[in-house]
Amino acid sequence: MARITLVQGDITEQDVDAIVNAANSSLLGGGGVDGAIHRRGGPAILDECRRLRAERYPDGLPTGRAVATTAGDLPARWVIHAVGPVYSRSEDRSGLLASCHAESLRVADELGARIVAFPAISTGVYRYPVEEAAEVAVGAVADAETEVEEVRFVLFDEPTYRSFERALQEARR
Ligand code: AR6
């Protein structure tokens, strides 16, 4: 089981084996953490995303799934693009949110990544309530059978950091 750690900061600065991107199905970029990763990582990431679309995912990467590319100019070696669900009040999409964490770790295992950083997937543009998302994310990572040694959640702001801290305390009880 991977050790879970938390830091407040910018995921693009993390010197880890792989960072996870909160992507969308198109894999062609967007705002939030996705925009920051493509901006800081340079064009090599988008080139590989375009190739993945053409060769493996002509209809896009389904929600709940993950796929790796180079990390371009970032300190990390790989970016694992994961597609979280858009939050819905009428439908429970926590299974999809858990799945994109489990799938990211499966991809990390294929790469041989040992330290993997995750942002708070789905809690920005996709509007998932942070408290709920933190519980799902921490639970999914804690349940995963993986060779990854450390999963580092990199939380952009203090309220998100606090939510993950609470979720981690709950999970350890
Ligand atoms: N480092 C760490 N966390 C960050 C950073 C950063 N540099 N920048 C933002 N965050 P979001 P989503 C936090 O919107 O909700 C994009 O357009 C942010 O504060 O990036 O999964 C994609 O292309 C929030 O807590 O991702 C998709 O279309 C968290 O990252 C869509 O947004 C996630 O916010 C995905 O939406």
Side-chain angles (χ1 to χ4, degrees), residues 4-43 45-50 52-53 57 59-69 71-89 91-105 107 115-138 140-141 150-168:
I4 299 176
T5 58
L6 308 179
V7 303
Q8 194 183 327
D10 182 340
I11 200 165
T12 64
E13 292 171 2
Q14 296 295 310
D15 192 358
V16 293
D17 298 314
I19 65 170
V20 177
N21 180 17
N24 61 59
S25 290
S26 83
L27 294 177
L28 299 179
V33 70
D34 195 5
I37 286 171
H38 281 282
R39 230 173 8 253
R40 300 279 303 270
I45 301 176
L46 190 57
D47 286 348
E48 213 175 315
C49 285
R50 287 211 179 94
L52 281 167
R53 279 298 305 276
Y57 302 106
D59 300 323
L61 182 68
T63 305
R65 300 272 301 276
V67 67
T69 66
D73 302 331
L74 295 170
R77 186 150 168 214
W78 298 286
V79 174
I80 299 173
H81 305 265
V83 184
V86 175
Y87 183 69
S88 163
R89 279 196 299 181
E91 185 184 66
D92 179 9
R93 297 183 179 166
S94 60
L96 288 167
L97 186 56
S99 164
C100 72
H101 290 81
E103 286 290 298
S104 296
L105 292 175
V107 170
I115 307 182
V116 179
F118 281 77
I121 297 173
S122 287
T123 66
V125 174
Y126 284 176
R127 301 186 318 274
Y128 219 101
V130 174
E131 204 77 12
E132 278 178 55
E135 202 183 307
V136 174
V138 167
V141 169
E150 180 186 348
V151 167
R152 187 180 302 170
F153 285 103
V154 180
L155 297 326
F156 212 36
D157 54 38
E158 169 132 18
T160 307
Y161 180 89
R162 295 283 168 230
S163 295
F164 274 75
E165 202 173 45
R166 280 190 289 276
L168 193 53

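Predicted model, so just to flag it, every value in this text is computed and none were measured. Remember, it's 1-based here, ligands and their atoms both numbered in the order they're listed.
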For atom 7 (N) of ligand 1, tell me which residue out of Ile11, Leu28, Asp10, Val33 has the closest non-hydrogen atom. Asp10
Would you say Pro119 and ligand 1 have an N/O pair spaced under 3.5 Å apart? no
If you take all heavy atoms of Ile37 and Leu74, which pair is closest and at what distance? CG2-CD1, 4.0 Å
Polar atom proximity, Thr12 to ligand 1 (N or O, under 3.5 Å): no
Can you check which of Tyr128, Tyr126, Phe153 brings a heavy atom nearest to atom 35 (C) of ligand 1? Tyr126
Give the numbers and elements of all ligand 1 atoms closer than 4.0 Å to a heavy atom of Ala22. 21 (O), 22 (C), 26 (O), 35 (C)
Quick check on contacts: which atoms of ligand 1 are under 4.0 angstrom from a heavy atom of Gly9? 1 (N), 2 (C)
Distance under 4.0 Å to a non-hydrogen atom of Phe156: what atoms of ligand 1 satisfy this? 1 (N), 2 (C), 3 (N), 4 (C), 5 (C), 6 (C), 7 (N), 8 (N), 9 (C), 10 (N), 13 (C), 19 (O)
Side-chain (Ser122) to main-chain (Pro85) donor-acceptor, under 3.5 angstrom: yes
Got a protein heavy atom sitting under 4.0 Å from atom 4 (C) of ligand 1? yes
Per-atom contacts of ligand 1 with Asp34, taking only distances under 4.0 Å to non-hydrogen atoms: 22 (C), 23 (O)
Using a strict cut-off of 4.0 Å, indicate which atoms of ligand 1 neighbour a heavy atom of Gly31. 16 (C), 17 (O)
State whether the number of non-hydrogen atoms from other residues, nucleotides or ligands found under 6.0 Å of Glu103 atom CD is greater than 12. yes
Any idea which protein heavy atom is nearest atom 29 (C) of ligand 1, and the distance to it? Ala120 O, 3.3 Å
Using atom types as modelled and distance alone, determine if a side-chain donor or acceptor of Asp17 lies under 3.5 Å from a backbone N or O of Ile115. yes
Going by distance only, is there an N or O of Val125 that falls short of 3.5 Å from an N or O of ligand 1? yes
As an exercise, state the distance from CZ of Phe164 to OG1 of Thr123, rounded to the nearest 0.5 Å. 6.5 Å
Roughly how far, to the nearest 0.5 Å, is the CD atom of Glu132 from the CG atom of Leu97? 9.5 Å
For Arg77, is the CZ atom crowded, meaning more than 12 foreign heavy atoms sit under 6.0 Å from it? no
Residues Val138, Phe153; criterion side chain to side chain contact (heavy atoms under 4.5 Å, CB included); working and verdict: CA-CA 9 Å; Val138 167; Phe153 285 103; 4.2 Å; yes
Has Ser122 got any heavy atom lying under 4.0 angstrom from an atom of ligand 1? yes
Look at the rings of Phe118 and His101 and say which category their plane angle falls in: under 30° parallel, 30 to 60° tilted, over 60° perpendicular. parallel
By salt bridge (Lys or Arg N to Asp or Glu O under 4.0 Å), which residues pair with Asp73, not counting sequence neighbours? none
Using a 4.0 Å cut-off to any heavy atom of Gly30, which atoms of ligand 1 qualify? 17 (O), 23 (O)
By salt bridge (Lys or Arg N to Asp or Glu O under 4.0 Å), Arg162 pairs with (sequence neighbours left out) Glu158, Glu165
Closer than 4.0 Å to some heavy atom of Asn24 - which atoms of ligand 1 meet that? 22 (C), 23 (O), 27 (C), 28 (O)
In terms of atom number and element, which parts of ligand 1 are under 4.0 angstrom from non-hydrogen atoms of Thr123? 15 (O), 24 (C), 25 (O), 29 (C), 33 (C)
Distance to 0.1 Å, residue and atom name: give those for the protein heavy atom nearest to atom 15 (O) of ligand 1. Gly124 N, 2.8 Å
